[in-house]
Amino acid sequence: PLLTLSEAKFHKYLEMVSQGRCRILIKPRLADVFQREKGDLAGFNKISQKHVDFIICRNDDWTPMLAIELDDDSHQKRDRQNRDMFVNALFASTGIPLLRIDVREVDRIEPLVQNLTRAWERRWKTIEG
């Protein structure tokens with residue numbers, strides 16, 4: 001399957017919470033979200049094989065508003081931590097909030113809604129400035 005059981009459950013919660021007010025992308029490649037300088041092969045290679053679990057976009061123009069990573073125990077491994085630091089820095093440098101949610105917390109709907117709302121509002125301020 002494209003999604004793990006935890007990811008599928010979380011996606012269902014995202015659909016329920018969003019009520020069609022946004023678009024939910026599943027496992028988008030970073031290279032499809034972030035642009036690199038033309039000819040920057042090294043930069044492209046750093047992002048071409050990486051993805052995040054979800055990106056939430058505005059309905060009307062598909063502007064990325066926030067990204068979500070569900071973190072399981074694999075995120076404790078050193079190579080995964082290095083990858084996570086790179087992805088965190090990439091999102092921070094572009095102003096797109098990246099929410100990291102522990103898979104053991106996916107059933108906590110109220111904090112999820114609060115975190116999504118805060119991240120959306122933070123991103124909205126950077127866009128509309």
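Model, not experiment: these values are computed from the prediction.
Here the shortest heavy-atom pairing between Leu70 and Phe10 reads CD1-CB, 3.7 Å. What you find for Phe91 and Ala67 is that their closest heavy atoms are CE2-CB, 3.4 Å. Nearest heavy atom pair, residue Asn59 against residue Gly20, reads ND2-O, 2.7 Å. Nearest heavy-atom pair across Leu66 and Ala119 is CD2-CB, 4.1 Å.
Note that CG of Leu112 is 9.5 Å distant from OH of Tyr13, once rounded to the nearest 0.5 Å. The CH2 atom of Trp124 sits 14.0 Å away from the OG1 atom of Thr117 when rounded to the nearest 0.5 Å. One distance of note links CG of Asp107 with OG of Ser6; it measures 9.0 Å at 0.5 Å rounding. Atom CZ in Phe54 sits 9.0 Å away from atom CD1 in Ile101 (nearest 0.5 Å). Put simply, CG on Asp60 and CZ on Arg23 are 8.5 Å apart, with the number rounded to the nearest 0.5 Å. The distance from atom NE2 of His11 to atom CD1 of Ile24, rounded to the nearest 0.5 Å, is 4.5 Å.
Among residues two or more places apart in sequence or in another chain, the side-chain hydrogen bond (donor to acceptor under 3.5 Å, both in side chains) test is passed with Lys50 by none. Taking the side-chain hydrogen bond (donor to acceptor under 3.5 Å, both in side chains) definition, one finds that His51 meets it with nothing, sequence neighbours left out. Take Asn88 and apply the side-chain hydrogen bond (donor to acceptor under 3.5 Å, both in side chains) test, not counting sequence neighbours, and it matches Arg100. Shown here are the salt bridge (Lys or Arg N to Asp or Glu O under 4.0 Å) partners of Arg108, two or more places apart in sequence or in another chain: Glu105. Every residue meeting the side-chain hydrogen bond (donor to acceptor under 3.5 Å, both in side chains) condition with Arg58, not counting sequence neighbours, appears here in chain and number order: Asp61, Thr63, Glu128. Shown here are the salt bridge (Lys or Arg N to Asp or Glu O under 4.0 Å) partners of Lys12, two or more places apart in sequence or in another chain: there are none.
Note on Trp120: it does not cluster hydrophobically with Val33, by side-chain heavy-atom contacts below 4.5 Å among ILVMFWY residues. With hydrophobic clusters built from ILVMFWY side chains whose heavy atoms lie under 4.5 angstrom apart, Val106 shares a cluster with Ile56. The hydrophobic clustering, which links ILVMFWY residues whose side-chain heavy atoms are closer than 4.5 Å, places Leu90 and Ile127 apart. Following chains of ILVMFWY side-chain contacts shorter than 4.5 Å, one cannot reach Leu98 starting from Met65, and the two form parts of different hydrophobic clusters. Both Leu3 and Met16 sit in one connected hydrophobic cluster of ILVMFWY residues. Membership requires side-chain heavy atoms under 4.5 Å apart, directly or through other members.
In this structure, the side chains of Pro28 and Val52 come closer than 4.5 Å at one or more pairs of heavy atoms. The side-chain heavy atoms of Val103 and Asp71, taken from C-beta on, include no pair separated by under 4.5 Å. Side-chain contact check for Val87 versus Arg83: some heavy-atom pair is nearer than 4.5 Å.
Remark: the backbone N or O of Pro64 is paired with a side-chain donor or acceptor of Arg123 at under 3.5 angstrom. No side-chain donor-acceptor contact under 3.5 Å links Asp53 to the backbone of Glu7.
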Subject >> Intermediate values then yes/no, side chain to side chain contact (heavy atoms under 4.5 Å, CB included), Ile68 and Leu14 >> reply: CA-CA 11 Å; Ile68 302 169; Leu14 286 174; 3.9 Å; yes
